[in-house]
There are 2 protein chains.
Amino acid sequence: MKETLLCPRLAKAMELLGKRWTALIIFQLIDGAKRFNEIESSLPISGRLLSERLKELEKEGLVERTVFSEVPVRVEYNLTDKGYALKDVIDGIESWSKEWF
Amino acid sequence: MKETLLCPRLAKAMELLGKRWTALIIFQLIDGAKRFNEIESSLPISGRLLSERLKELEKEGLVERTVFSEVPVRVEYNLTDKGYALKDVIDGIESWSKEWF
DNA sequence: ACCACAAGTTACTTTATGTAACTAACTTTA
DNA sequence: TAAAGTTAGTTACATAAAGTAACTTGTGGT
């Protein structure tokens, strides 16, 4: 991979958001916490990828994972402040899509 | 692929923007037209992918391609109104990245 | 013991991306 | 006139990421 003059923070943000499903997962969590299966049902994503993406988002601090030791187990995902700070960006994409497609 | 209740326009926008390099290419064109090699030099992307992405963006009407029959040939890419309308989104990602990374 | 359930994980196939060498068309240089 | 240089790509091949479907784990109910 070539080197670049690109701002490393922007490059990192783009690497995250420019990954398939990432922004849509955040979009699904904007209105509040959701369970694994709820996100899976609301997007055409497979469990494999959803699991992978949620781990990445958790690692980057955009998403928080909470386990409820019920039976069967319940796991909720919700946005951290860092994740929620993307609301305007996601909203912007949404309104752009409505205006131009 | 599963079906979904997701708004088709948003899904389409995300499919475009959630593709590697797409948003960064648009970012490079925000300040005005650039040539193929200029974009290639300003991003760690290969000619193969850049060519592919520019074709997609042209097909979706975000980017316009202009050929100048000089020697050697010069080709410029610039944003259409539809492409430029993403400026706020890109700016939003940029400021989010500066604040949170 | 057997089934149900959520939340994953695994194994395998297909598609996307990365890398480097190559091409077309024309000009300048030797 | 042949060789070399220029931009804007394209091609062929290797590797990484994504899609699909079946399987696992932990627990409680019948």
Side-chain angles (χ1 to χ4, degrees), chain A residues 1-4 6 11-29 32-60 63-79, chain B residues 1-4 6 11-29 32-60 63-79:
Chain A
M1 192 95 88
K2 297 187 317 179
E3 55 162 319
T4 177
L6 201 62
K12 173 122 201 198
M14 290 298 196
E15 202 181 315
L16 245 189
L17 299 176
K19 218 166 208 171
R20 214 165 200 172
W21 305 120
T22 303
L24 281 171
I25 292 169
I26 295 169
F27 174 73
Q28 293 300 327
L29 297 177
K34 278 196 177 175
R35 307 174 60 166
F36 189 89
N37 275 337
E38 288 181 291
I39 306 173
E40 198 180 5
S41 309
S42 56
L43 294 176
I45 191 179
S46 66
R48 195 184 78 67
L49 257 280
L50 179 54
S51 172
E52 194 173 309
R53 286 293 179 276
L54 285 169
K55 273 181 196 160
E56 291 165 5
L57 289 172
E58 197 189 352
K59 183 162 138 264
E60 293 297 336
V63 160
E64 193 180 35
R65 179 174 180 270
T66 314
V67 180
F68 297 86
S69 301
E70 307 171 353
V71 169
V73 67
R74 178 164 56 105
V75 180
E76 283 191 356
Y77 293 90
N78 63 285
L79 296 178
Chain B
M1 191 96 89
K2 299 187 318 180
E3 54 162 321
T4 176
L6 200 63
K12 173 122 200 198
M14 290 298 196
E15 201 181 314
L16 245 188
L17 299 176
K19 218 164 207 172
R20 211 165 200 174
W21 306 117
T22 303
L24 281 172
I25 291 168
I26 295 169
F27 174 72
Q28 293 298 327
L29 296 177
K34 277 197 179 175
R35 308 174 59 165
F36 188 90
N37 274 338
E38 286 181 293
I39 306 173
E40 198 181 5
S41 308
S42 56
L43 293 176
I45 191 179
S46 66
R48 195 183 81 64
L49 256 285
L50 179 55
S51 172
E52 194 173 308
R53 286 293 179 276
L54 285 170
K55 274 182 195 160
E56 292 165 4
L57 289 172
E58 198 189 352
K59 184 163 138 263
E60 293 298 335
V63 159
E64 193 179 35
R65 181 175 180 270
T66 313
V67 180
F68 297 86
S69 300
E70 306 170 351
V71 169
V73 68
R74 176 164 58 106
V75 179
E76 283 191 358
Y77 292 89
N78 63 284
L79 295 178

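Just so we're on the same page: letters track the sequence lines, and every chain starts at 1.
Residues A:Glu15 and A:Lys19 are not paired through a salt bridge, judged by the lack of any N-O separation under 4.0 Å between the basic side chain and the carboxylate. Here B:Arg53 pairs with B:Glu56 in a salt bridge; the nearest charged N to carboxylate O distance falls below 4.0 Å. With respect to A:Arg35 and A:Glu40, no salt bridge is recorded, no charged nitrogen being found less than 4.0 Å from a carboxylate O.
Side-chain nitrogen and oxygen atoms of A:Arg48 include none within less than 4.0 Å of the OP1 or OP2 phosphate oxygen of C:dC12. Considering only side-chain N and O atoms, A:Trp21 lies nowhere under 4.0 angstrom from the phosphate OP1 or OP2 of D:dA17.
Computed from coordinates, the B:Ile45 CD1 to C:dA16 P distance equals 15 Å when rounded to whole Å. Look at CG on B:Leu50: it is 14 Å from P on C:dT19, rounded to the nearest Å. Here the P atom of nucleotide D:dT15 and the CG atom of B:Leu49 are 17 Å apart, to the nearest Å. For the pair B:Phe68 CZ and C:dT27 P, the interatomic distance rounds to 18 Å; values are reported in whole Å. Rounded to an integer number of Å, the gap from CZ of A:Arg53 to P of C:dT9 is 14 Å.
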Return the polar atom pairs (N/O with N/O) between nucleotides 4-8 of chain C and the protein under 3.5 Å, or none.
residue: C:dA6; atom: O3'; partner: A:Arg35; partner atom: NH2; Å: 3.1
residue: C:dA6; atom: O3'; partner: A:Val73; partner atom: O; Å: 3.2
residue: C:dA7; atom: OP1; partner: A:Arg35; partner atom: NE; Å: 3.3
residue: C:dA7; atom: OP1; partner: A:Val75; partner atom: N; Å: 2.9
residue: C:dA7; atom: OP1; partner: A:Val75; partner atom: O; Å: 3.4
residue: C:dA7; atom: OP2; partner: A:Asn37; partner atom: N; Å: 3.2
residue: C:dA7; atom: OP2; partner: A:Asn37; partner atom: ND2; Å: 3.3
residue: C:dG8; atom: OP1; partner: A:Arg65; partner atom: NH2; Å: 2.8
residue: C:dG8; atom: OP2; partner: A:Tyr77; partner atom: OH; Å: 2.5

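Looking only at atom types and distance, the side chain of A:Thr66 has no donor-acceptor partner in the side chain of A:Glu76 under 3.5 Å away.
Minimum atom distance to the side chain of A:Val71 is reached by D:dG28, of the listed D:dG28, D:dA18, C:dT19.
None of A:Lys34, A:Arg65, A:Glu64 except one satisfies the side-chain hydrogen bond (donor to acceptor under 3.5 Å, both in side chains) rule with A:Tyr77; the exception is A:Arg65.
Side chains of B:Leu57 and B:Leu16 form a contact here, defined as non-hydrogen atoms less than 4.5 Å apart.
Contact annotation for B:Glu70: no contact, since no heavy-atom pair falls under 4.0 Å across all strands.
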